[in-house]
Amino acid sequence: MWKSGTLLLLSVLWASGELQQETEPRRLPPPGKLDFGYVPAGVYETLAHYEPGPIGILFHLVHAFLHAVQPNAFPHDLIVKLAKDKFGAIQTEYQKAIYYEIGFLICAAVGLLFAVLMPVVGLFFCMCRCCDNCGGEMHQRQRKNADCRRGLLGTLLFSTSLVITIGVLCAYAANQNLSSQVKNIRRLVNSNMRDLHTFANDTPMQIDYLISQYATVKNKVNYDLDNIGPLLGGRIHVRLDKEVHPALNQVLNMAGVKIQRAIKAMRETKEALENVSVSLVVLQEGAGKLHFNLSQVRDSINRTLDDPGCHDEESDATTAQLCRSIRQSLSQLQMSANFTRLPNVNPQLEKMKNVVKTDLSSVVHRGFSSLNDTPHIVIEQTRTVVNSVQNLVDSVGNNISSFSRAFPLQTCLSNFTIFISHAHAKIEDYYPEIDKMDFYRWIGCIALCCMVVLVLAFNYLGLLCGTLGYDKHASPTTRGCISNTGGTLLMAGVGFSFIFSWMLMGVLTTIFLAGGNMEKLLCEPFHTKELFKVVDTPYLINPEWKNFIPGYMYNDSELELTSESLYSTCKQNKGIYSALRLDKVFNISSFLNTTVFTKDVVRQLENFRIDLRTIILLEAEGKQNLLDFSEAGLSEINYADYLDEVNKGVTVVDVLSFAKELESQTDLMPRGPLQTALKGHVATLQRIHRQQIAPMEQAMKYVRARSALNQSMRFLERTASDLPNKVTDVLEAIAAAQHLISQNATLLISQETRKYSATIIGYFNQYIEWVKTSLALEVAPCKPFSNILDTAQIMTCSFLGDSMNTFWMGLGCSTLFLLPSVILAVKLAKYYRRMDTEDVYDDALDNWN
């Protein structure tokens with residue numbers, strides 16, 4: 001019945017077996033601490049501790065006496081050998097047994113000798129007194145120190161009686177203590193049974209609490225996954241601020257400076273090209289009109305000079321000579337700065353416009369904003385993995401709940417509760433018998449005490465009567481009745497001492513042997529746990545079982561489960577799961593292995609891929625534009641031609657001076673059509689100078705155009721050679737920033753991702769460790785079972801053993817002191833009783849003894 005009840009009790013914890021898992025050891029950073037609360041636990045009311053109170057002093061005296069009688073160590077080897085041979089080895093090991101029991105044997109021998117000799121001595125004493133010997137003669141010799149001897153004997157007898165009285169009182173107190181403690185047996189038993197019911201009722205609630213706390217893990221995991229952006233992204237951002245941002249800031253600032261320089265150079269280059277283009281258009285337009293007009297004038301003059309008058313040297317040599325001079329000077333009447341021959345810069349300008357469209361200024365902003373937007377990137381890149389992990393977490397909780405519901409927990413609990421109730425009812429049936437036996441025991445002990453009390457009564461009454469009735473003036477033959485009665489009472493006490501002392505000593509010797517050996521072989525080894533070592537001796541109870549408890553309960557005697565470890569664990573109020581090593585017997589990890597779930601979660605979390613390499617500071621088109629900028633064709637421009645044309649005058653010759661010279665030459669010609677025509681040409685040249693040349697030389701439009709063309713060309717000539725270097729610097733700076741984001745930041749993100757995954761796994765590990773710890777320490781604490789053993793020890797050793805040992809010690813001391821009491825009472829009675837004869841003194845014999 002005990003085995004079946006215990007197995008039912010153990011099976012209650014089977015449902016929690018799936019939570020005891022052997023997870024692979026991992027070196028993880030400490031995750032966020034989860035608060036699973038406290039496992040609900042009932043209060044066990046049994047206090048398996050006995051405080052005897054004032055009588056404890058007597059108990060300590062008894063223990064000290066027993067230690068003096070039996071100082072030898074607990075005979076572990078001897079008892080084990082006797083138990084294995086079923087006491088067949090007593091024939092060969094009797095010497096060891098005698099050596100161990102030598103103290104008890106000596107005391108028992110003294111007690112038996114006392115019990116045998118006392119009646120024999122009493123018999124001879126009576127016979128001797130009947131023959132008027134041994135103080136039987138009613139004659140007292142007169143001595144001068146008779147009063148002193150009488151007082152001394154009275155004092156000694158009174159002291160002896162006090163010692164006997166103290167012994168009787170100790171025995172009576174021990175007897176009453178045992179009777180009063182027997183009444184507490186029912187309270188202790190009922191308390192233990194209620195604790196067992198509490199154990200059975202609280203266990204399923206505690207298991208349900210363990211299972212329900214998986215929701216704490218689930219909620220925390222879901223919370224962290226739902227907030228992966230601020231949590232993981234936030235931690236990444238913090239790490240970036242500490243480790244990447246300073247370097248990136250330096251790189252981007254450097255890149256920013258270079259970019260600003262490049263942007264400035266591109267803008268200035270574009271403006272210069274625009275200025276060149278606009279100025280060139282203005283100058284070419286003005287120069288074209290002037291060239292056209294000058295060409296017309298020159299052609300007109302040539303046609304005029306074709307007049308016959310210019311060729312008739314015979315009639316007018318001067319005119320002919322002037323015509324030749326004018327014709328020769330017409331070659332100077334043309335444009336000096338020929339802007340129309342200069343090519344435009346529209347191809348270069350178009351390339352520069354495309355380059356300027358590239359927003360290089362946003363590169364730095366994009367670099368910082370991309371890192372600041374890490375939480376959003378994390379959310380977007382982990383959305384699928386987060387959903388998978390959340391679904392897996394839900395499935396784990398469903399599996400745990402379904403398995404716990406499938407186990408027949410209530411049936412096991414009902415069977416165990418029935419077993420407890422049945423055992424309690426059986427114990428209740430024994431209470432009347434226990435009370436009856438205790439009553440008989442109490443009567444017997446009181447009877448033994450009354451034997452000694454009777455002797456004490458005679459002693460005290462004899463001393464009282466002898467002392468009160470004593471008359472120092474009376475002679476031994478004339479003593480009063482009261483004094484004589486005192487002596488008679490003392491002799492009556494002597495007689496009862498001989499009658500009762502041997503019986504008392506016999507009974508007390510038997511109780512001494514039983515109680516003393518119970519203390520030394522049972523109670524004391526229980527406190528020192530030597531008794532557990534005997535029980536735990538391999539192959540002691542069953543030759544085929546190394547360890548009895550696991551062999552009997554689990555059919556696995558190799559399991560390290562001993563009665564000492566079981567008792568010690570339960571004594572500390574730890575869980576029965578660890579006390580009975582259920583982790584080895586009821587391992588359900590093959591059915592529901594949290595490690596498998598953890599591996600699944602790890603496998604899913606390993607799919608986290610957060611990559612900042614998708615952040616591109618400068619697109620390929622922007623890079624190409626920069627390269628196009630460096631190859632914008634500025635080096636193809638012939639800056640010398642432009643500068644030469646800009647530095648030239650408007651015309652080869654001063655048109656106004658040419659017109660004056662022409663006019664002066666015309667004045668030398670005779671009047672006629674030729675002179676008139678040339679005069680018209682002079683007017684035309686003066687008009688061209690006034691309307692075209694002078695504005696081109698003095699008007700702001702043309703001045704600015706020439707100045708802008710000059711400055712722009714000089715700027716372009718100066719910067720054209722440095723543009724590739726600036727573009728290269730910008731591209732290298734952007735490449736360095738891109739590398740820092742793609743490599744260093746990505747590595748940092750990978751580290752933080754692993755830490756975040758480890759934190760998620762840490763929640764599961766915390767739950768598993770908490771369940772293991774709770775099962776070992778808090779779930780189904782087995783203190784009631786150690787309390788049962790402690791209660792049995794209290795009832796056996798403290799209630800019964802200590803009380804009975806105190807009883808025999810107190811009454812035994814009183815019995816031993818009956819011997820000097822007899823001697824003193826016999827001698828003192830001689831001074832109280834009335835004598836038949838007395839000594840007659842002569843005057844000469846005053847000094848006789």
Side-chain angles (χ1 to χ4, degrees), residues 1-17 39-50 181-210 404-438 548-549 552-554 561 563 566-567 569-571 573-580 582 585-586 775 778-796 798-800:
M1 185 64 182
W2 178 85
K3 180 178 181 181
S4 60
T6 305
L7 290 178
L8 287 172
L9 171 63
L10 300 181
S11 64
V12 171
L13 298 176
W14 196 346
S16 61
V39 178
V43 178
Y44 297 139
E45 59 181 271
T46 301
L47 296 176
H49 178 70
Y50 175 61
Q181 296 303 333
V182 167
K183 296 181 176 63
N184 291 329
I185 292 177
R186 177 173 295 184
R187 179 185 58 82
L188 284 174
V189 171
N190 292 342
S191 174
N192 278 278
M193 291 302 167
R194 284 193 297 271
D195 287 347
L196 290 177
H197 281 285
T198 300
F199 172 86
N201 294 333
D202 290 348
T203 297
M205 177 178 60
Q206 293 169 339
I207 294 174
D208 290 342
Y209 182 81
L210 293 185
S404 63
R405 288 192 299 267
F407 190 78
L409 183 62
Q410 293 300 327
T411 303
C412 298
L413 282 175
S414 299
N415 292 335
F416 180 67
T417 304
I418 292 173
F419 169 75
I420 297 173
S421 300
H422 179 71
H424 193 189
K426 285 278 189 182
I427 295 174
E428 290 281 352
D429 294 338
Y430 287 106
Y431 286 144
E433 294 295 329
I434 293 175
D435 292 339
K436 180 191 267 188
M437 292 174 60
D438 180 66
F548 170 73
I549 295 178
Y552 180 71
M553 298 177 64
Y554 311 136
L561 175 59
S563 60
L566 177 60
Y567 172 77
T569 304
C570 290
K571 185 75 172 176
N573 203 25
K574 293 183 178 180
I576 200 169
Y577 198 91
S578 59
L580 289 176
L582 295 179
V585 180
F586 298 106
L775 284 173
E778 299 180 63
V779 175
C782 59
K783 188 65 176 292
F785 301 99
S786 65
N787 283 344
I788 290 175
L789 195 58
D790 289 336
T791 300
Q793 182 270 334
I794 289 173
M795 291 188 295
T796 302
S798 299
F799 291 176
L800 179 61

Applying side-chain contact (heavy atoms from CB on, under 4.5 Å), run through Ile794 and Gln181 and close with a yes or a no. CA-CA 10 Å; Ile794 289 173; Gln181 296 303 333; over 6 Å; no

If I compare all heavy atoms of [X] with all of [Y], which pair ends up nearest, and what's the gap?
{"X": "Ala200", "Y": "Phe416", "result": "CB-CD2, 3.7 Å"}
{"X": "Thr46", "Y": "Asn787", "result": "O-ND2, 3.7 Å"}
{"X": "Leu580", "Y": "Leu561", "result": "O-CD2, 3.8 Å"}
{"X": "Glu45", "Y": "Asp195", "result": "N-OD1, 3.0 Å"}
{"X": "Leu196", "Y": "Pro784", "result": "CD2-CB, 3.8 Å"}
{"X": "Ser578", "Y": "Thr569", "result": "OG-CG2, 3.9 Å"}

To the nearest 0.5 Å, what is the distance between [atom1] on [X] and [atom2] on [Y]?
{"X": "Asn201", "Y": "Gln206", "atom1": "CG", "atom2": "CD", "result": "11.0 Å"}
{"X": "Lys783", "Y": "Lys574", "atom1": "NZ", "atom2": "NZ", "result": "13.0 Å"}
{"X": "Asp438", "Y": "Ile434", "atom1": "CG", "atom2": "CD1", "result": "9.5 Å"}
{"X": "Ile185", "Y": "Tyr431", "atom1": "CD1", "atom2": "OH", "result": "8.0 Å"}
{"X": "Arg187", "Y": "Asn192", "atom1": "CZ", "atom2": "CG", "result": "10.0 Å"}
{"X": "Leu789", "Y": "Leu566", "atom1": "CG", "atom2": "CG", "result": "9.0 Å"}

Would you say that [X] contacts [Y] through its side chain, given a criterion of any heavy-atom pair below 4.5 Å between the two side chains?
{"X": "Tyr44", "Y": "Ser191", "answer": "no"}
{"X": "Ile576", "Y": "Phe785", "answer": "yes"}
{"X": "Asn190", "Y": "Met193", "answer": "no"}
{"X": "Met205", "Y": "Pro40", "answer": "yes"}

Looking at residues at least two apart in the chain, or sitting in another chain, which of them share a ring-ring contact (aromatic ring centres under 6.0 Å, His included) with Tyr567? Phe526, Phe532

Residues Thr417, His197; criterion side-chain contact (heavy atoms from CB on, under 4.5 Å); working and verdict: CA-CA 7 Å; Thr417 304; His197 281 285; 3.6 Å; yes

Go through the steps for Asp790 and His49 under the test side-chain hydrogen bond (donor to acceptor under 3.5 Å, both in side chains), then give the verdict. CA-CA 8 Å; Asp790 289 336; His49 178 70; over 6 Å; no

Check this for me, if you would: do Lys183 and Asp435 make a salt bridge, where the nitrogen-to-carboxylate-oxygen distance has to be below 4.0 angstrom?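 Result for this pair is no, no salt bridge flagged.
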
Check the pair Phe799 / Tyr50 against ring-ring contact (aromatic ring centres under 6.0 Å, His included), numbers first and verdict last. CA-CA 9 Å; Phe799 291 176; Tyr50 175 61; 5.1 Å; yes

